[in-house]
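For reference, the structure is listed below as structure tokens.
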Amino acid sequence: MNDVIVVGTDGSPDADAAIAWAAADAARKELRLELVHVIERGPYDLPRYPVPGLLEVLGEAAEAMLAEKVSRVMAGWPSVEVATRVMAGSAVAELRKQAESATELVVGSRGRGGFASALLGSVSLGVAGHAHGTVVVVRSAPVERGQLVVGLSESDSSEPALAHAFAEASLRRVPLRAVYAYAVPIHVVSLDPDRLRRAQREFARDRLAPWWEKHPEVNVIVDVTSVHPVAALTEASRDADLLVVGNRGHGGMAAAVLGSVSHGVLHHAYCPVAVVRCQ
Ligand SMILES: Nc1ncnc2c1ncn2[C@@H]1O[C@H](COP(=O)(O)OP(=O)(O)OP(=O)(O)O)[C@@H](O)[C@H]1O
Ligand SMILES: [Mg+2]
């Protein structure tokens with residue numbers, strides 16, 4: 001069942017970038033592609049003022065929009081088998097459902113609605129970290145820069161994110177930059193900063209060691225820094241094809257499904273972000 005990459009599209013330019021990213025990934029992984037559009041009836045279909053035949057009209061428009069996207073995929077990635085699906089309901093709920101039986105769910109960071117200056121829409125934010133599997137959020141047309149980045153967190157629970165990052169780097173045959181950003185606790189300002197840096201570097205290497213053994217073919221760059229993780233990952237994303245993070249790290253509210261670092265990089269990263277569901 002999990003041999004398909006699902007892309008959500010509302011016909012927007014960001015969703016087009018998501019389709020292009022997903023098509024390239026489907027070609028690389030030899031997976032099928034499914035383009036999904038959810039007709040969100042709420043804004044148009046007020047129960048007190050029903051418009052007869054509205055769903056049919058919206059359905060036809062959706063089919064036409066998807067047909068145009070399919071022909072673009074077929075032209076650009078002829079090896080990829082591509083199908084479409086039109087559904088009615090809540091885009092977040094339906095896309096989350098689709099993600100359950102997919103290898104990954106891919107969406108644009110913005111869509112057709114929302115405030116002009118918002119960096120992330122409600123659908124992308126509603127699926128990233130919340131869906132069953134990995135969600136990739138794409139901001140602009142993919143550019144090949146030849147490096148992947150993974151954010152290293154202090155907790156073991158981020159192992160699925162590391163697994164994903166190493167597998168991707170191996171498949172793409174590109175180096176993997178593992179970024180570990182640590183905060184200097186205020187009560188240890190008297191600590192020797194060099195010793196602290198060495199200890200943090202050792203910690204990062206220990207966390208990576210089992211994955212290094214499993215994927216000796218991957219060239220890993222260990223990047224340990226004492227700036228804020230969102231700033232460090234955002235900066236690293238400038239030179240990356242994909243930034244991989246877990247849905248949450250060890251800190252913050254236990255109830256939050258999306259941690260503050262993942263949330264922050266989704267807003268600011270310069271490259272597509274894969275949020276891997278870890279817990
Ligand atoms: N109705 C939909 N059906 C399928 N995918 C969708 C739909 N709406 C949005 N998406 C996906 O989610 C991405 C982000 O769109 P989103 O709706 O979150 O942003 P927005 O329209 O700018 O803001 P908002 O809808 O919150 O006002 C899109 O690029 C697309 O991939
Ligand atoms: Mg929208």
Side-chain angles (χ1 to χ4, degrees), residues 4-26 32-45 54-70 72-73 76-77 80 82-142 242-243 247 257-258 262-275 277:
V4 64
I5 296 178
V6 172
V7 196
T9 176
D10 58 351
S12 63
D14 276 18
D16 283 352
I19 293 173
W21 190 92
D25 211 38
R32 292 183 295 115
L33 191 64
E34 188 166 86
L35 312 184
V36 175
H37 176 72
V38 185
I39 299 171
E40 295 201 278
R41 297 181 61 184
Y44 316 99
D45 206 2
L54 180 63
L55 193 58
E56 286 70 25
V57 172
L58 293 175
E60 278 166 25
E63 297 284 4
M65 181 269 285
L66 290 175
E68 192 252 328
K69 307 301 176 198
V70 166
R72 280 204 224 171
V73 171
W77 297 270
V80 175
V82 54
T84 63
R85 188 188 292 252
V86 176
M87 285 172 300
S90 138
V92 170
E94 295 302 330
L95 290 175
R96 279 190 198 176
K97 223 179 284 168
Q98 295 302 307
E100 281 172 22
S101 54
T103 299
E104 62 195 6
L105 169 66
V106 186
V107 292
S109 51
R110 285 289 314 275
R112 295 169 77 90
F115 298 110
S117 58
L119 295 172
L120 218 55
S122 57
V123 176
S124 39
L125 202 52
V127 294
H130 296 81
H132 171 77
T134 297
V135 176
V136 181
V137 179
V138 180
R139 176 148 290 135
S140 50
L242 182 69
L243 166 58
N247 62 308
V257 187
L258 191 67
S262 315
H263 190 266
V265 298
L266 279 172
H267 277 89
H268 300 293
Y270 293 96
C271 70
V273 178
V275 181
R277 185 73 194 231

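All values below were derived from every heavy atom in this structure, side-chain atoms included, with hydrogens, water molecules and symmetry-related copies excluded. Whatever order the structure lists them in is the order used to number ligands and atoms, beginning at 1.
- In plain terms, the two heavy atoms of Val137 and Ala128 that are nearest each other are CG2-CB, 4.1 Å.
- Distance from atom 27 (O) of ligand 1 to its nearest protein heavy atom, with residue and atom name: Gly114 N, 2.9 Å.
- At least one side-chain heavy atom of Asp25 sits under 4.5 Å from a side-chain heavy atom of Glu104.
- If you check the side chains of Asp14 and Ser109, you find a donor sitting under 3.5 Å from an acceptor.
- Closest to atom 26 (O) of ligand 1, if we only count protein heavy atoms, is Ser122 OG, 2.5 Å.
- By the 4.5 Å heavy-atom criterion applied to side chains, Thr84 and Val86 are not counted as neighbours.
- Residue pairs meeting the salt bridge (charged side-chain N to carboxylate O under 4.0 Å, His left out) criterion with at least one member in residues 54-69, sequence neighbours excluded: Asp16-Lys69, Glu68-Arg72.
- Side-chain contact between Val82 and Trp77 is absent, with no heavy-atom pair separated by less than 4.5 Å.
- Ligand-side atoms of ligand 1 in range of Gly111: 14 (C), 15 (O), 16 (P), 19 (O), 20 (P), 21 (O), 22 (O), range being under 4.0 angstrom from any heavy atom.
- The nearest protein atom to atom 3 (N) of ligand 1, hydrogens excluded, is given as Val38 N, 2.9 Å; this is a heavy-atom distance.
- Listed by number with element, the atoms of ligand 1 under 4.0 angstrom from any heavy atom of Gly8 are 4 (C), 5 (N), 11 (C), 30 (C), 31 (O).
- Looking at atom 22 (O) of ligand 1, its nearest protein heavy atom turns out to be Arg110 NE, 2.5 Å.
- For the pair His263 and Leu125, the minimum side-chain heavy-atom distance is below 4.5 Å.
- When all heavy atoms of Ala17 and Pro142 are compared, the pair lying nearest together is O-CD, 4.1 Å.
- At a 4.0 Å heavy-atom cut-off, ligand 1 touches Val36 through the backbone alone.
- Ligand 1 has no nitrogen or oxygen under 3.5 angstrom from a nitrogen or oxygen of Ser109.
- Considering backbone and side-chain atoms alike, Ile39 places every N or O at 3.5 Å or more from each N or O of ligand 1.
- Considering Gly126, Gly121, Gly108 only, the shortest heavy-atom separation from atom 14 (C) of ligand 1 involves Gly108.
- Close approach of ligand 1 to Ser12 is summarised as follows: ligand atoms under 4.0 Å from at least one heavy atom of the residue are 29 (O).
- Residues Arg85 and Val6 are not in side-chain contact: their nearest non-hydrogen atoms beyond the backbone lie 4.5 Å or more apart.
- Close contacts of ligand 1 with Arg112, meaning ligand atoms under 4.0 Å from a residue heavy atom, involve 21 (O).
- Per-residue contacts place Val107 under 4.0 angstrom from the following atoms of ligand 1 (heavy atoms of the residue considered): 12 (O), 31 (O).
- Atoms of ligand 1 lying under 4.0 Å from at least one heavy atom of His37, given by number and element, are 1 (N), 3 (N), 4 (C).
- Counting the atoms of ligand 1 from 1 in the order shown, those under 4.0 Å from a heavy atom of Ser124 are 14 (C), 18 (O).
- Each of Asn247, Val127, Val265 was evaluated against Val275; a single residue qualifies, Asn247, per the side-chain contact (heavy atoms from CB on, under 4.5 Å) test.
- Atoms of ligand 1 found under 4.0 Å from any heavy atom of Leu95 (numbered from 1 in listed order, with element): 5 (N).
- Where the criterion is an N or O separation shorter than 3.5 Å, residue side chain and backbone included, Gly113 meets it with respect to ligand 1.
- Residues satisfying the side chain to side chain contact (heavy atoms under 4.5 Å, CB included) test with Glu100, not counting sequence neighbours, are His132.
- Asp10 has its side chain out of reach of Glu40: every pair of non-hydrogen atoms, C-beta onward, lies at least 4.5 Å apart.
- Distances between N or O atoms of Val123 and those of ligand 1 include at least one value under 3.5 Å.
- Of the protein's non-hydrogen atoms, the one nearest atom 7 (C) of ligand 1 is Asp10 CB, 3.7 Å.
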